[in-house]
Amino acid sequence: MLFLLLLCIAGNGWAVEQQYMVNFPPGRNLPAPPVDEPAPIEAAPRSRPTTIQLTLPQAVGKTITANLSIKSASWGVKIASRDVKAALAARMPVVRFNGQAKDSNFGDRWLSLGQIGETLRDINADTAGIAGVGLQVPIYLGGLLPATERAARAGERAARLQKKAAIQQAIYNTIEGFLDVLVETNAVKLEHRRLVQKNHEIATLKEKATERFALQQQVLALELEANEFRQDRLTRQNALVIARSKLLNELGLPTNTPIEIDPRVGIDDIPYDLETMVERARRNNINLLLLLAQVQAAKENVGIAAADERAQISLNYDYYHTRPFDNPNNDYETWEVKLQGTIKLFDGGQAHQKRIKALEELRRSEVQLTAARQEVELRTREAFARYQEAQKLLTSLDDNIRLAREMLRFVEERVAARVLLKDALLKAQVDLLDAQQAKFFVQAMLLKARAALFLLTGELTAGKVAGPALSAG
């Protein structure tokens, strides 16, 4: 009786799995997760939020609009544009208003002259209100103004490249997270089927092991294997929770948001050979372009630091209206125009050290650019190798699935003829699921390699995820 009950349970569990991985319609889609997914143990929420349905293009679109790294980079572009405007404004004349009220004993020096001294004191009284306007026109500041403008424009280019890099990295992270959720979902299902098959094998053997010690040892060994399968399933469930959390973080959603993702996933194929991809990465990689802009900014910073050691010339015009408090009718106006030049003779070496520091920062930026070029080339070759490896593996994995299907049909016929037991059928079904999961994993590796190559060549856009989807076989 126990045997029949376990057999029914195993049969029902297999029906769902068979619909999921074995008998799904042929096409270009990755297999969808089954309905009865064993969910990880979590605290039940007070009110369950609405499940979000997501395709990969929708996920990428949501990432571009909601990702916090992209928002931060957008603010960086705005800030850099302010630096450019400030650098341009530094070329303009500076107009200032001056106002003051003062009192002093400056006129008392005339009192020693007697009667006439008092008159002179009144005339030269320094108790007055003064208002004035000043105009300063920079003529030459040691090359500071053009260097500052060029540095600001280089910084603005770097900020725009930083935003573009943030967008492409977010798209890649979304693709990777999306595929990881699908892979881990299938892995949980496979481990669940393995456990069902092993439990059925244990139940069958227990019926025969009542009086036989050797069979009892086999039961214990199978139970140990079943515990290992449970641990593997738990590990996969935890990996699924982590993958979902990472994906939701890229989407700018709370990590407890329930999602249901569409398994129809595709990335445009790579249209170039290895050397062409390496050359495109050298020219168009966003991080390399960003470092190049930073090198340009570092060059201009050297000019900015050097300007502090050069002469600076400006034209100044000042106008003042003075009205004594003791004799308001004795007000007067003054003005002056001057061409002013200054140069530092000694500042303790501060300007020199600033220039040397700017030169050293330039050298460091150039070294970082050289190292980054080497790293981009290496990563491009590695990603292309993974891409080619996945392509080659898919052919052999198709053969494995074909052989597993033939074995399943053979075992089904023998079980129907009562030549083999149900254990053999369950094992053949698990073997087919295992072969399909292996192909599923390689397909995900292929799609990730494509996305990585487009990221390295600076071409990973939302349009790249609209390519044909693959099939798990």
Are R310 and I343 close enough that some pair of their side-chain heavy atoms sits under 4.5 Å apart? no

Just verifying a value: how many Å separate K163 NZ and L290 CG, rounded to the nearest 0.5 Å? 15.0 Å

So, do W335 and Y320 sit near enough that their side-chain heavy atoms are less than 4.5 Å apart? no

So do the side chains of L253 and K62 get within less than 4.5 Å of each other, counting heavy atoms only? yes

Would you call R386 and E389 a salt bridge, taking side-chain N to carboxylate O under 4.0 Å as the test? no

Verify, without hydrogens or angle tests, whether Q136 (side chain) and V95 (backbone) share a donor-acceptor contact under 3.5 angstrom. no

Heavy-atom nearest pair, A281 first then T457, reads N-CG2, 3.9 Å

Out of curiosity, L195 CG to L190 CG, how far, rounded to the nearest 0.5 Å? 11.5 Å

Taking D399 for the side chain and L403 for the main chain, is one N or O donor matched with an acceptor at less than 3.5 Å? no

May I ask you to test the I52-E260 pair for a side-chain heavy-atom distance under 4.5 Å? no

In the structure I gave you, are the side-chain heavy atoms of Q237 and L234 within less than 4.5 Å of one another anywhere? yes

Heavy-atom closest contact (T50 atom, P258 atom, distance): O-CG, 3.8 Å

Answer yes or no: are there more than 12 heavy-atom neighbours, outside R82 itself, under 6.0 Å from its atom CZ? no

Testing the basics here: between E309 and H352, what is the closest heavy-atom pair and its distance to 0.1 Å? OE2-CA, 3.4 Å

Taking NZ, NE, NH1 and NH2 as the nitrogens, is one of them in R402 or E406 under 4.0 Å from a carboxylate oxygen of the other? yes

Are any of the side-chain heavy atoms of L135 and V94 separated by less than 4.5 Å? no

Gap separating the CD atom of Q296 from the CG atom of L362, nearest 0.5 angstrom: 9.5 Å

Residue pair Q374 / E377, side-chain heavy-atom distance below 4.5 Å: no

Regarding E333 and Y319, is there a side-chain donor-to-acceptor distance under 3.5 Å anywhere? yes

Taking it one step at a time, do K78 and D83 satisfy salt bridge (charged side-chain N to carboxylate O under 4.0 Å, His left out)? CA-CA 9 Å; K78 294 180 180 180; D83 290 337; over 6 Å; no

Do the side chain of S74 and the main chain of I70 share a donor and acceptor less than 3.5 angstrom apart? yes

In terms of heavy-atom contacts, D232 and E191 come closest through CB-OE1, 3.5 Å

May I ask you to decide if T55's main-chain N or O and Q58's side chain share a donor-acceptor pair within less than 3.5 Å? yes

Backbone N or O of I267 within a donor-acceptor pair of the R450 side chain at under 3.5 Å? yes

Would you name the heavy atoms of Q437 and V183 that are closest together and state the gap between them? NE2-O, 3.5 Å

Please evaluate residues N284 and E459 with respect to the criterion side chain to side chain donor-acceptor pair (under 3.5 Å), reporting the C-alpha separation (whole Å), side-chain torsions for both, the decisive distance (0.1 Å), and the verdict. CA-CA 8 Å; N284 303 323; E459 301 169 301; 5.2 Å; no

Side chain to side chain contact (heavy atoms under 4.5 Å, CB included) between V302 and K299, intermediate numbers included: CA-CA 5 Å; V302 174; K299 289 180 180 179; 5.7 Å; no

Salt-bridge contact R363-E366 (side-chain N to carboxylate O under 4.0 Å): yes

Got V278 and R381 here, is their nearest side-chain heavy-atom distance under 4.5 Å? yes

Short question: side chain of T380, backbone of V376 - any donor-acceptor pair under 3.5 Å? yes

Whether over 12 other heavy atoms sit under 6.0 Å from R230 CZ: yes

Within 6.0 Å of CZ in R379, more than 12 heavy atoms from elsewhere: no

So which atom in S69 and which in A166 form the shortest heavy-atom distance, rounded to 0.1 Å? O-CB, 4.1 Å

If I take atom CD from residue E375 and atom OG1 from residue T370, how far apart are they, to the nearest 0.5 angstrom? 13.0 Å

Hey, does the Lys NZ or Arg CZ of K464 hover above the aromatic six-ring of F454, less than 6.0 Å from the centre and inside 45° of the axis? yes

So, the side chain of D262 versus the backbone of L54: is there a donor-acceptor pair under 3.5 Å, distance only? no

Give a yes or no on whether F441 atom CZ has more than 12 heavy-atom contacts from other residues, nucleotides or ligands under 6.0 Å away. no

Take R193 and L426 through the side chain to side chain contact (heavy atoms under 4.5 Å, CB included) test and state the conclusion after the steps. CA-CA 9 Å; R193 280 305 306 153; L426 292 176; 3.6 Å; yes

Between E361 and N301, a side-chain donor and acceptor under 3.5 Å: no

Check R153 with E149, please: is the shortest side-chain N to carboxylate O separation under 4.0 Å? yes

Begin from the C-alpha positions of L460 and I175 and carry the test side chain to side chain contact (heavy atoms under 4.5 Å, CB included) through to its verdict. CA-CA 11 Å; L460 185 57; I175 293 171; 4.3 Å; yes

Counting only heavy atoms not in M445 (residues, nucleotides, ligands), do more than 12 fall under 6.0 Å from its CE? yes

Going by an N to O cut-off under 4.0 Å, is there a salt bridge joining R194 and D431? no

Calculate, to the nearest 0.5 Å, the distance between atoms OG1 and CG belonging to T257 and N249 respectively. 11.0 Å

Residue pair S396 / D398, side-chain donor-acceptor N/O under 3.5 Å: no

Looking at T235 and Q231, would you say the former's side chain and the latter's main chain have a donor-acceptor pair under 3.5 Å? yes

Any salt bridge linking E156 with R160? Criterion: basic side-chain nitrogen under 4.0 Å from a carboxylate oxygen. yes

Worked check of side chain to side chain contact (heavy atoms under 4.5 Å, CB included) between L247 and I259: CA-CA 10 Å; L247 176 59; I259 58 172; 4.0 Å; yes

Euclidean distance, N67 CG relative to K71 NZ, rounded to 0.5 Å: 9.0 Å

The residue among R236, K448, R244 that forms salt bridge (Lys or Arg N to Asp or Glu O under 4.0 Å) with D180 is K448

Distance-only polar pair, side chains of Y387 and D269, donor-acceptor under 3.5 Å: yes

Criterion side chain to side chain contact (heavy atoms under 4.5 Å, CB included) against K439, the qualifying member of N400, L393, L397: L397

